[in-house]
Amino acid sequence: MAEADIAHSLGEVPIGAVVVFEGEIIGRGHNLRETSNDPTTHAEMVAIRQAAEKIDHWRLLETTLYVTLEPCVMCMGAIILARIPQLVYACRDPRAGAVGSIYDFAQDERFNHKVEVTEGVLGEECSQMLSGFFKELRAGKKSKKTL
């Protein structure tokens with residue numbers, strides 16, 4: 001959630017992620033799409049890149065990825081390709097979720113890697129954070145229109 005707070009402070013959608021190996025955080029990320037003008041800089045992608053760099057290998061075996069929102073198709077693709085065995089996420093994304101909301105890439109038999117998923121850890125807190133952000137965003141757009 002601390003990474004999500006950083007994203008929020010930058011005006012980004014407040015999503016944060018960490019990759020943990022043997023109890024140590026080896027990758028951190030928060031959304032940077034607006035800041036970087038790069039559509040691939042989702043929190044998960046940033047954390048995965050940092051973790052791979054830290055261990056000097058693309059296979060992130062024996063790691064756990066924690067993220068505040070259900071990963072999208074792009075991020076689930078990266079999770080599968082990086083061979084991350086465990087995913088823990090807080091709340092579902094009914095518009096773009098690829099771990100059960102729209103698709104379920106974690107258990108798709110056609111992939112050569114399965115991801116063990118835990119859903120709902122800090123779910124209410126993360127859901128409120130996201131709802132609050134979008135409420136603020138809508139209020140800001142509404143006040144600009146009235147000017």
*Summary of salt bridge (charged side-chain N to carboxylate O under 4.0 Å, His left out) pairs that have at least one residue in residues 30-40, sequence neighbours excluded*: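 Passing the test, one end in residues 30-40: no pairs.
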
*Could you name each residue pair satisfying salt bridge (charged side-chain N to carboxylate O under 4.0 Å, His left out) that touches residues 96-109, not counting sequence neighbours?*
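Qualifying pairs: Asp108-Arg110.
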
*Are Met45 and Ile79 connected in the hydrophobic side-chain network, where two residues link if heavy atoms are under 4.5 Å apart?*
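No, it is not one cluster - the side chains of Met45 and Ile79 are not joined through contacts under 4.5 Å.
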
_Grouping I, L, V, M, F, W and Y whenever their side-chain heavy atoms are under 4.5 Å apart, do Ile80 and Val99 come out in a common cluster?_
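Yes.
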
*Taking ring-ring contact (aromatic ring centres under 6.0 Å, His included) as the test, write out the residues that go with Phe133, two or more places apart.*
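Residues passing ring-ring contact (aromatic ring centres under 6.0 Å, His included) with Phe133: His8.
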
*Test ring-ring contact (aromatic ring centres under 6.0 Å, His included) applied to Phe111 - qualifying residues, sequence neighbours left out*: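 Residues passing ring-ring contact (aromatic ring centres under 6.0 Å, His included) with Phe111: Phe105.
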
*Could you tell me which residues satisfy side chain to side chain donor-acceptor pair (under 3.5 Å) with Thr118, sequence neighbours excluded, listed by chain and number?*
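With neighbours one apart ignored, the set is empty.
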
Indicate the atoms forming the closest heavy-atom contact of [X] with [Y], along with that distance.
X      : Y      : result
Ala106 : Val117 : CB-CG2, 3.5 Å
Gly29  : Val46  : CA-CG1, 3.7 Å
Cys126 : Ala90  : SG-CB, 3.5 Å

*Other ILVMFWY residues reachable from Met1 by side-chain steps of under 4.5 Å*: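 Result for Met1 is Val18, Val20, Ile25, Tyr66, Val88, Val121, Leu122, Met129.
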
*Side chains of His42 and Ile15: closer than 4.5 Å at any heavy-atom pair?*
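The answer is no; the side chains never approach within 4.5 Å.
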
_Side chain to side chain, Val19 and Gln50, heavy atoms closer than 4.5 Å_ =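 No, too far: nothing below the 4.5 Å cut-off.
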
Distance check, rounded to the nearest 0.5 Å: [X] atom [atom1] versus [Y] atom [atom2]?
X     : Y      : atom1 : atom2 : value
Glu12 : Thr35  : CD    : OG1   : 3.5 Å
Ile55 : Leu60  : CD1   : CG    : 5.0 Å
Leu69 : Leu130 : CG    : CG    : 5.5 Å
Thr64 : Ile26  : OG1   : CD1   : 10.0 Å
Thr63 : Leu61  : OG1   : CG    : 7.5 Å

*Counting heavy atoms not belonging to Glu125, are there more than 12 under 6.0 Å from its CD?*
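Atom CD in Glu125 is packed in, count exceeds 12.
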
So, using salt bridge (Lys or Arg N to Asp or Glu O under 4.0 Å) as the criterion, who are the partners of [X] when residues are at least two apart?
X     : value
Arg28 : Glu3
Lys54 : Glu24
Asp5  : none

*asked:* Val115 vs Ile84, test: side chain to side chain contact (heavy atoms under 4.5 Å, CB included). Steps then yes/no.
replied: CA-CA 7 Å; Val115 181; Ile84 295 172; 5.6 Å; no

*Polar side-chain atom of Thr68 near backbone of Gly16 as donor-acceptor pair, under 3.5 Å*: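 Yes, the answer is positive, given that a donor and an acceptor are paired below the 3.5 Å cut-off.
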
*Side-chain (Ser127) to main-chain (Glu124) donor-acceptor, under 3.5 angstrom*: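 Not a single qualifying donor-acceptor pair exists.
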
_Partners passing side chain to side chain contact (heavy atoms under 4.5 Å, CB included) against Glu53 (at least two apart in sequence or in another chain)_ =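 Glu53: no side chain to side chain contact (heavy atoms under 4.5 Å, CB included) contacts found.
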
*If a pair satisfies side-chain hydrogen bond (donor to acceptor under 3.5 Å, both in side chains) and one of its residues is in residues 92-103, list it, with sequence neighbours excluded.*
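Found Glu70-Ser101, Arg92-Glu119.
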
*Carefully, step by step, assess Thr40 and Arg49 under the rule side chain to side chain contact (heavy atoms under 4.5 Å, CB included).*
CA-CA 11 Å; Thr40 69; Arg49 285 183 188 122; 3.3 Å; yes

*Run the side chain to side chain contact (heavy atoms under 4.5 Å, CB included) check on Asn31 and Leu10 step by step: do they pass?*
CA-CA 9 Å; Asn31 269 14; Leu10 296 171; over 6 Å; no

*Could you name each residue pair satisfying ring pair (Phe, Tyr, Trp, His ring centres under 6.0 Å) that touches residues 13-40, not counting sequence neighbours?*
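Not a single pair qualifies under ring pair (Phe, Tyr, Trp, His ring centres under 6.0 Å).
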
